[in-house]
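Since the structure comes first, as structure tokens, the remarks are kept for the end.
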Amino acid sequence: MNRPDLAASDRMAESRVDSVSAQSLYDKCLALAKNVWWSWNPDVVNLFRDLDPIRWRQLDHSPIALLAEFTPERLDMRVQEMVLYSRINHAYRRLKEYFALSQTWAATHAGVLGAKPVAYFSAEFGLHESIPVYSGGLGVLSGDHIKSAGGLGIPLVAVGLFYTQGYFKQQLDAQGYQVEEYIDTKVEDLPMEPALGRDGKQITVVIETRSGRLLAKVWRLQVGRVNLYLLDSNVDGNGTEDRHLTSRLYGGDHRTRVRQELVLGVGGIRALQALGLEPGVYHLNEGHSAFVVLEAIRQRMQNDGVSFDEALREVAHRTVFTTHTPVPAGHDRFDGGLIEEHLGPLRDQLRISYDQLMGLGRVEPQNQSEPFCMTVLALKLSRRANAVSALHGHVTRRMWAHLWPWRVEEEIPIGHITNGVHISSWLAWQMAQLYDKHFEPDWRKRLGEPEVWQAIHQVDPGELWETHYALKNLLLAFIRRRVSRQCRRRGEGDDVVEAARSMFDPSILTIGFARRFATYKRADLILASLDRLDRIVNHAQRPVQIIFAGKAHPADEPGKQLIKRIANLRHDPRFAGRVVFIEDYDINVCRHLVQGVDVWLNSPRRPLEASGTSGQKAVLNGGLNCSVLDGWWAEGYDGRNGFAIGKGSSHVSDAISDQRDAEDLIRVLEERIVPLYYDRDVDGLPRQWVQTMKNSISSLAWRFSADRMVMDYCKTAYLPAAGGLSCDMSVH
Ligand SMILES: *Cc1c(COP(=O)(O)O)cnc(C)c1O
């Protein structure tokens, strides 16, 4: 009762201080959550997880969704309870430092790019599982590219589309058949904000077509130092159909496709202009964004009063094009009607005829029956074009040789830059700690340098093996969780769910196969003879277990049948508990798999795999590749750093290739992989296997890193493209 009013005001003051500090703590967490940078920094990932491990998993690892469940006060209590203060402050300081860092690779190697950034266009970006605007390999490559470019300090802005429903979620029904589910993404859970124009309002771009106007608003995502702008047609002013135009990735018909690509290319360039950004280089990642060049030419003509031909020459000089698809059907082609409807008004401003425009997208400009091909447009209007591995370079030059009929194949102006992966995004932190202990202190800044990785040979084999074994156990825990959930959802019996909870054995050689289920990737190569597979997986002393995952495109019926066949092996007593299919392959599933498997299997029909990158992710974590000598593995394999299927030849007959490769795969498994894995010393250590892991890491990790890839792009494409015009090598 003594001086109650004072005590009350004391309490009020105290709680005010508390709520101020609670708010500032909350704001720091939110700042961390709003830059995708958090996702490749394990300290920050662990921090978010520790706030609420169960919700973290349920919310698909989205820190913004997680924080939305806390008030500042409750967050503050939780942080006290878990003693997280200093970790949050440390993470926040590191984010600030990352932004302040001026001693980057680009500062010394790419100064000329200066204030004129590279504008990187891609139809999809795979950054993290909580940001579902990607479908697979192409998207993850774009994501890894911009993460590395930012890390190296290269001035770059990225442009893509915002898909409200992203790509589909995959479930298998009781028969093992793929069912696609589209879910609306909650925009408020994404680290995404309206991109504002100089008037302080969200930028909306307008594109005139012959059949009306198409609008798209612009979002901004921060990916480390890089801004990613996503265009979204879900705006007032668009008709219902157009509001859904950018709902789904790779959905819809040709008309949807050309309109999406119009938004990406033409809309993308207009968005950059509205942002006041003037790119020095345009990088088209795959042909989807090739309309970029037409709009860039229009702007050049309008701003500088130059002719179409001159503007074209200048834009082509600044344009870099990367092609990814050795399969002819994989290239977008549109008929003249669709092109005229959508590019007619732009064509008027370019002051070119319908035939001239169509000619830019045709191999034979005069051929009236030839459709308009986005890849042809990109090849004709870029001075620098590249494939994504050495072998893919050969295939691509042959494929497009008819565009340069006067040249011999070796002189077709398409080079190659082999793909790589963003190491921090794919390297398990347990493995990173091992590297911290044994590598040069600055190894994280020099990922693309071979010398850095030689230190793996100094690591104690037992320590490397133990680290790998711990990661494998984490993978198996994940597999059990997922499989028991799959069984429960399908309403299977308690005994089945219970069996799934203890399935798979960490001491057994574990093979992973996960990728898009396109038939040329031959997920079933290993199933060619079930009797032989039975012998291998059920060997009494040296058994093998296999994990499959992957989605088939909704329209790909043969791909779906393949999934069904593999998923249903669990009903075959020979393979139950030895072969498993994990639903809904995404970045999260991929990360678990590549961090924990012993062997990563890749069995495409050569030479159809342009590069492939998942095997590169396995390398970083000590997984060994067993792959057809296609894509990146054709140049990565040296005889001591993994396993090869076949001898690097292709047969004209698919059936014969398939049969030979299937036999060779089984042979390599039985004669090389299994014996090497189970060859143990007195301590139970597979010494030769661990030596192969070391050979793999030291020879491959730096070379197939996105840092090396982006440095190559910078040196051989961006810098020359940003420089002045020199001799003209274009097709004109
Ligand atoms: C890395 C990755 C891919 C690409 O791997 P490939 O080897 O090209 O199949 C596809 N999907 C996801 C989710 C990935 O993380």
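In listed order, ligands and their atoms are each counted from 1.
The nearest protein atom to atom 6 (P) of ligand 1, hydrogens excluded, is given as Ser614 OG, 3.5 Å; this is a heavy-atom distance. From the protein, the heavy atom lying nearest to atom 9 (O) of ligand 1 is Arg515 CB, 3.4 Å. At the top of the distance list for atom 10 (C) of ligand 1, counting protein heavy atoms only, stands Gly137 N, 3.4 Å. If you check which protein heavy atom lies closest to atom 11 (N) of ligand 1, you get Tyr585 CE2, 3.5 Å. With respect to atom 2 (C) of ligand 1, the closest heavy atom belonging to the protein is Lys617 NZ, 2.5 Å.
With ligand atoms numbered from 1 in the order given, ligand 1 contributes 13 (C) to contacts under 4.0 Å with heavy atoms of Asp586. Short contacts between ligand 1 and Cys590, defined as distances under 4.0 Å to a heavy atom of the residue, involve ligand atoms 14 (C), 15 (O). Against a heavy-atom cut-off of under 4.0 Å, Gly612 is close to the following atoms of ligand 1: 7 (O), 8 (O).
Checking only distances, Trp426 never comes within under 3.5 Å of ligand 1, N or O to N or O. Every N/O-N/O distance between Arg516 and ligand 1 stays at or above 3.5 Å.
Summarising the local packing, CZ of Arg55 is surrounded by more than 12 heavy atoms from other residues, nucleotides or ligands at distances under 6.0 Å.
Annotation: side-chain contact (heavy atoms from CB on, under 4.5 Å) contacts of Pro132 (sequence neighbours excluded): Thr185, Leu190. Residues satisfying the side-chain contact (heavy atoms from CB on, under 4.5 Å) test with Lys169, not counting sequence neighbours, are Asp60, Glu181, Ile183, Asp584.
Assignment of Glu609 to the shell around ligand 1 is not supported, since no heavy atom sits closer than 4.0 Å.
Using modelled atom types, one finds no donor on one side chain facing an acceptor on the other under 3.5 Å when comparing Gln430 with Thr467.
Residue contacts with ligand 1, taken as heavy atom pairs separated by less than 4.0 Å, involve Thr613 via backbone and side-chain atoms alike.
For the pair Arg248 and Tyr182, the cation sits on the ring face: its NZ or CZ lies under 6.0 Å from the ring centre, inside 45° of the axis. Figure legend: cation-pi geometry between Arg482 and Phe478 absent, as NZ or CZ is not positioned both under 6.0 Å from the six-membered ring centre and within 45° of its axis.
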Full working for side chain to side chain donor-acceptor pair (under 3.5 Å) between Arg489 and Gln486: CA-CA 5 Å; Arg489 195 201 68 239; Gln486 289 170 195; over 6 Å; no
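Taking the side chain as every heavy atom from C-beta outward, Trp632 and Thr613 never approach each other to under 4.5 Å.
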